[in-house]
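Not measured: the values here are computed from a predicted model. All heavy atoms count here, side chains included; hydrogens, waters and symmetry mates do not.
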Amino acid sequence: MIGKKLAAVALSAVLVLSSGIMAFADTTSWDSGNVYPSDVLNTKLLTPVKFLIDKKVVTGDQDGLFHPEKSITRAEFATMMAKATNNTNELDIVAKQNYYNDLAGYDWAKGYINACAKASLIQGVGNEKFAPGKNVSYAEVITIIIRSKNPSAVTTGTWPDNYILYAQMNMNSMISDRNISDWSAPATKGDVATMLYRSMPKN
């Protein structure tokens with residue numbers, strides 16, 4: 001009888017110890033996909049994506065992943081830029097203004113797009129249109145980032161060559177490892193996150 005009691009006590013101790021180890025492992029595990037997208041964990045994108053999520057500039061997709069290889073639209077990037085540059089104080093007011101006439105169906109982004117337009121970060125594509133569903137290009141991304149840092153940085157030359165040249169001469173640390181060969185190509189979420197992270201203050 002005593003032997004059975006001792007065995008039971010020993011088994012209980014093992015179970016308690018095991019549950020304690022599991023609890024510790026769960027609370028200290030970095031690989032918690034419910035907090036940060038699992039497809040950037042243990043990659044070079046974790047730092048920029050984590051920073052942008054913590055700052056509420058970006059979120060994962062509906063499936064909980066980040067999909068760094070995907071392209072993003074001009075509406076999505078304008079939304080990111082408005083948040084990254086703290087141009088979100090008057091969203092309700094600017095959302096009622098009409099900078100562009102092709103934002104039907106983009107109520108979720110209109111305030112952010114207009115806030116960026118008001119701050120002179122973005123321009124339309126002509127005829128009072130913004131083309132919100134069009135993929136944002138690398139040239140557009142770097143142009144808007146440069147404007148957010150210094151509105152008067154580029155005053156001469158023809159777009160986009162003038163902004164690309166400025167970036168190559170003055171922002172090499174931001175773009176050198178992105179290996180951008182076609183500046184007119186759709187920018188990927190991973191590249192956008194990296195460049196935007198590098199452009200933002202860290203305090």
Side-chain angles (χ1 to χ4, degrees), residues 44-45 48-49 51-52 55 57-58 67-88 90-91 94-95 97-106 108-202:
K44 292 181 179 180
L45 282 174
V49 172
F51 177 85
L52 294 175
K55 294 290 185 181
V57 173
V58 300
H67 297 293
E69 76 288 349
K70 281 188 175 181
S71 57
I72 64 174
T73 65
R74 285 165 56 87
E76 290 169 334
F77 184 63
T79 299
M80 292 170 61
M81 284 304 302
K83 294 176 179 179
T85 56
N86 296 315
N87 281 293
T88 57
E90 300 179 337
L91 287 180
V94 295
Q97 298 172 352
N98 294 310
Y99 285 88
Y100 306 106
N101 60 22
D102 62 342
L103 300 183
Y106 285 86
W108 59 271
K110 185 176 180 180
Y112 298 109
I113 293 170
N114 287 351
C116 285
K118 182 178 179 181
S120 299
L121 297 180
I122 62 174
Q123 296 178 358
V125 295
N127 297 320
E128 298 183 356
K129 298 188 182 300
F130 181 69
K134 181 182 177 183
N135 288 332
V136 70
S137 69
Y138 283 101
E140 290 167 335
V141 168
I142 201 63
T143 297
I144 296 168
I145 289 177
I146 291 171
R147 287 174 182 161
S148 74
K149 302 295 291 182
N150 183 357
S152 59
V154 180
T155 57
T156 60
T158 303
W159 188 85
D161 294 341
N162 50 354
Y163 278 89
I164 294 170
L165 180 61
Y166 180 90
Q168 291 170 335
M169 294 181 63
N170 299 281
M171 306 169 75
N172 192 55
S173 61
M174 182 187 296
I175 63 173
S176 61
D177 61 345
R178 297 301 89 199
N179 299 316
I180 303 169
S181 58
D182 183 2
W183 286 87
S184 64
T188 66
K189 289 179 67 176
D191 283 343
V192 169
T194 299
M195 291 190 287
L196 187 54
Y197 164 75
R198 291 173 178 174
S199 75
M200 293 176 64
K202 305 305 182 292

Apply side-chain contact (heavy atoms from CB on, under 4.5 Å) to residues Phe77 and Val141 and explain how you reach the verdict. CA-CA 8 Å; Phe77 184 63; Val141 168; 3.8 Å; yes
Looking at Asn162 and Val154, would you say the former's side chain and the latter's main chain have a donor-acceptor pair under 3.5 Å? no
Is it the case that the side chain of Asn87 and the backbone of Cys116 share a donor-acceptor pair, with hydrogens and angles ignored and the cut-off at 3.5 Å? no
Which pair of heavy atoms, one from [X] and one from [Y], lies closest together, and at what distance?
X: Thr85; Y: Ser148; value: CG2-CB, 3.8 Å
X: Pro132; Y: Ile113; value: CB-CD1, 4.4 Å
X: Leu196; Y: Ala84; value: CD1-CB, 4.0 Å
X: Pro186; Y: Tyr138; value: O-CE1, 3.4 Å
X: Gly133; Y: Thr73; value: O-CG2, 3.6 Å
X: Ala115; Y: Val94; value: N-CG2, 4.1 Å

Quick check: are there more than 12 heavy atoms from other residues, nucleotides or ligands sitting under 6.0 Å from CG of Asp182? yes
Does Glu128 CD have over 12 foreign heavy atoms under 6.0 Å away? no
Atom [atom1] in [X], atom [atom2] in [Y]: separation rounded to 0.5 Å?
X: Ile164; Y: Ile180; atom1: CD1; atom2: CD1; answer: 8.5 Å
X: Gln168; Y: Ser176; atom1: CD; atom2: OG; answer: 11.0 Å
X: Ile146; Y: Met171; atom1: CD1; atom2: CE; answer: 5.0 Å
X: Met200; Y: Ile145; atom1: CE; atom2: CD1; answer: 10.5 Å

Less than 4.5 Å apart, side chain to side chain, heavy atoms only: is that true for [X] and [Y]?
X: Arg74; Y: Tyr106; value: no
X: Lys129; Y: Asn101; value: yes
X: Met81; Y: Tyr112; value: no
X: Tyr197; Y: Met174; value: no
X: Lys202; Y: Phe51; value: yes
X: Lys83; Y: Leu52; value: no

Testing Leu103, Asn98, Leu91 one by one against Asn114 for a side-chain contact (heavy atoms from CB on, under 4.5 Å), which residue passes? Leu103
For the residue pair [Y] / [X], report whether a side-chain donor-acceptor contact shorter than 3.5 Å exists.
X: Lys70; Y: Asn135; answer: no
X: Trp183; Y: Ser137; answer: no
X: Asn179; Y: Ser181; answer: no

Could you go through Gln123 and Arg147, starting from their C-alpha distance and side-chain angles, then the distance that decides it, and tell me whether this counts as side-chain contact (heavy atoms from CB on, under 4.5 Å)? CA-CA 11 Å; Gln123 296 178 358; Arg147 287 174 182 161; 3.6 Å; yes
In chain order, what residues pass the salt bridge (Lys or Arg N to Asp or Glu O under 4.0 Å) check against Glu90, with sequence neighbours excluded? Lys118
All ring pair (Phe, Tyr, Trp, His ring centres under 6.0 Å) counterparts of Phe130, not counting sequence neighbours: Tyr100
Run the numbers on Ser173 and Arg198 for side-chain contact (heavy atoms from CB on, under 4.5 Å), then give the verdict. CA-CA 8 Å; Ser173 61; Arg198 291 173 178 174; over 6 Å; no
[X] bridged to [Y] by N-O distance under 4.0 Å:
X: Asp191; Y: Arg178; result: yes
X: Glu69; Y: Lys189; result: no
X: Lys44; Y: Asp177; result: no

Leu45 vs Thr194, side-chain contact (heavy atoms from CB on, under 4.5 Å): CA-CA, chis, key distance, verdict: CA-CA 7 Å; Leu45 282 174; Thr194 299; 3.4 Å; yes
